[in-house]
Amino acid sequence: MTNRNSESQGIQSQEARTASNFLHDIIAEDVRTRKYGDALVQTRFPPEPNGYLHIGHAKAICLDFGLADEFGGKTNLRFDDTNPEKEEQEYVDSIQRDVRWLGFEWDRLCYASDYFPQLYEWALELIKAGKAYVDDLSADQIRQYRGTLTEPGKDSPFRNRTVEENLDLFVRMKSGEFPDGSRVLRAKIDMTSPNLNMRDPVMYRILHATHHRTGDEWCIYPMYDYAHGQSDSIEHVTHSMCTLEFTDHQPLYRWYIEQLGIFPSQQIEFDRLNITYTLLSKRKLLQLVQEKHVHGWDDPRMPTLSAFRRRGFTPEAIRTFSTSTGVSRTNGITDIEMLEHFQRDDLNRRVNRAMAVLRPLKLVIDNYPAGQEEFVEVANNPEDPAAGTRQVPFSGEIYMEQDDFREVPPPKYYRLSPGKEVRLRNAYFITAQSVVKDATGSIVAVHCTYDPASRGGNSPDGRKVKSTIHWVSTAHAISAEIRLYDKLFLKPDPNDVEEGGSVLDNLNPNSLEVLADAKLEPSLANAKLEDRFQFERVGYFCVDSDSTPDHMVFNRTLPLKDTWAKIEKKSEA
RNA sequence: UGGGCGAUCGUCUAAUGGUAGGACAGUGCCCUUUGGAGGCACUUGUCUAGGUUCGAAUCCUAGUCGCCCAGCCA
């Protein structure tokens, strides 16, 4: 089992039962025909530590770990760390944290950099076999010699150096004799191949850079193509899943393995995850962070797993989303509503309710005995009786939501307005009597009367009300900052930009709204980091990492579905 | 205009020669002490044109459209 706890195991096997896809079919067939003999199914999740994992990676992680698990196999976490200029320990750490948070535990923790010595030996082997050569052409010249999509390339003038000369030069490349960019080691394949990846691909480049793990030990670094397949092979990976853009690399992946005569790992490609209104490119996410369009990799508006965690999303929901959305070889874009649906569905079942007034409006109950207060009993989660109940203080002066009162109610508005009766959730029926306005004419308080016989929320005479609103007693309320998040981008496809534009043009200027002084029921004072709640009638919220006992901060994970907002919008149109 | 990959409701995905199904979104109704949740119902789809076949989303042929590839990135 690759899962960390029994809870996620249950979910995992449930997902596994329903997850039938072409990758599953391929592996099942390989197992049936004993393609790898007695060997276990072995997979790997191979991130480059050059950024934080995002929800697109979650799909790959669920596939890599989930498929291996289904067939009783194992999964390694392998850092594809062959480019010291872009990789950092911070990313190595965050990736491990995020994979575990998602609910998976790897069999072996590996690094491509651990294989540098072996890769180097194999390069020597290929040189000796006349299958690799040192090229002195500049990067620019190599590009020119490569030809184009429609024209074949031509051989480098250095292509036919002797084995001895190649060996000598390559060893000296490794020993640091030559400056960056002066020489590369190339595979000798076919400069006329219609597949550009086969036109004598670069195997090694000279990079006098400090690597986050090997330090200054190496000044030559293998390219992805030369490192990835062999790393798979070393780990006896049987099924190496990757995204579609690597399809053209598969012949090269196989070429290295065949020339070296090593364990025949096989690469299988699947489609990358795309989600509407969401940017899933590590390079561009890095730009958002570096240029401070967001407050870091874990800014809750980001699509990174760290951000989803901070925002209150659950690993269970992300896993359910990943498997439900399926896997194929088509390039599609999944509606963000799908993700939100699975998250609401999960939170609705598991999370306790609380009352919080985001935009407070004072409500005075004129006939409530002066100075009196009482406690009303409230279910912690109506979906789950086992969650129990709690006592919430009530009094003659409470906060209600500004949105829940209209002096002139529009059609189909069921909430409070002058003369109308509504229910205060779990408390009493009230009828609005009058409003108090300030000098500018805006409403600062509403006066009402309550029906003492309706305690608990029902009137003994069977009288019905059209609406129930939430509230917090002013004397008992605690204050908190609340952060409301909206889509980071305005367009379904953030990359849909005009000529010369950038994704930044599509940034939503209102993606973050901060409410400095929301009023919460007192039980919330005990909330701890990452605790999740449904604020009734409002949405799902969690305690943010910026929160302190003196200054509580809550993030809105997602709003509740809002039928009234829909009606209102439709009537405006 | 070289090569590779792909095309099924608005979106994602099943059906592997035999009733085109599910989920999300949408719409309507019911229910409701959250206009939440839940229940019921409805709408919409096999890229096109030929062919094989008793029968084609599936096989064949030709086209159309989309994505990927010319890093010493991964």
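The analysis underlying the following values was restricted to heavy atoms, covering all of them including side chains, and did not include hydrogens, waters or symmetry mates.
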- [ ] Answer yes or no: side-chain N or O of A:Gln534 and base N or O of B:rU34 forming a donor-acceptor pair under 3.5 Å.
- [x] yes
Task: Ring centre gap for A:Tyr256 and A:Trp122 strictly below 6.0 Å - done: no
Open item on the list: Can a donor-acceptor pair be found, under 3.5 Å and without considering hydrogens, that links the side chain of A:Thr468 to the backbone of A:Arg425?
Closed with: no
Open item on the list: For B:rG10, does the base pair up with any side-chain atom of A:Asp335 as donor and acceptor (N or O, under 3.5 Å, distance only)?
Closed with: yes
Task: Earlier contact from the 5' end, RNA chain B, for A:Gly332 and A:His228 - done: A:Gly332
Task: Distance-only donor-acceptor test (3.5 Å): side chain A:Arg537, base B:rG35 - done: no
- [ ] Please state whether the phosphate of B:rG71, meaning OP1 or OP2, lies under 4.0 angstrom from any side-chain nitrogen or oxygen of A:Arg146.
- [x] yes
Task: Main-chain N/O of A:Pro152 paired to A:Thr192 side chain as donor or acceptor, under 3.5 Å - done: no
Open item on the list: Would the base of B:rG36 count as contacting A:Glu383 through its side chain, where contact means a donor and an acceptor less than 3.5 Å apart?
Closed with: yes
Task: Donor-acceptor pair (no angle test) under 3.5 Å: A:Asp248 side chain, B:rG3 base - done: yes
Task: Plane angle bin for A:Phe535 and A:Phe541 - parallel if under 30°, tilted between 30 and 60°, otherwise perpendicular - done: parallel
Task: Charged tip of A:Arg213 within 45° of A:Tyr111 ring normal and under 6.0 Å - done: yes
- [ ] Spell out, as yes or no, whether a donor-acceptor pair under 3.5 Å connects the side chain of A:Arg344 to the backbone of A:Pro559.
- [x] yes
Open item on the list: Using a strict heavy-atom distance below 4.0 Å, which residues from residues 149-157 of chain A are in contact with RNA chain B?
Closed with: A:Leu149, A:Thr150
Open item on the list: Taking pairing as Watson-Crick or G-U wobble with both contacts under 3.5 Å, can you name the mate of B:rC42, or confirm there isn't one?
Closed with: B:rG26
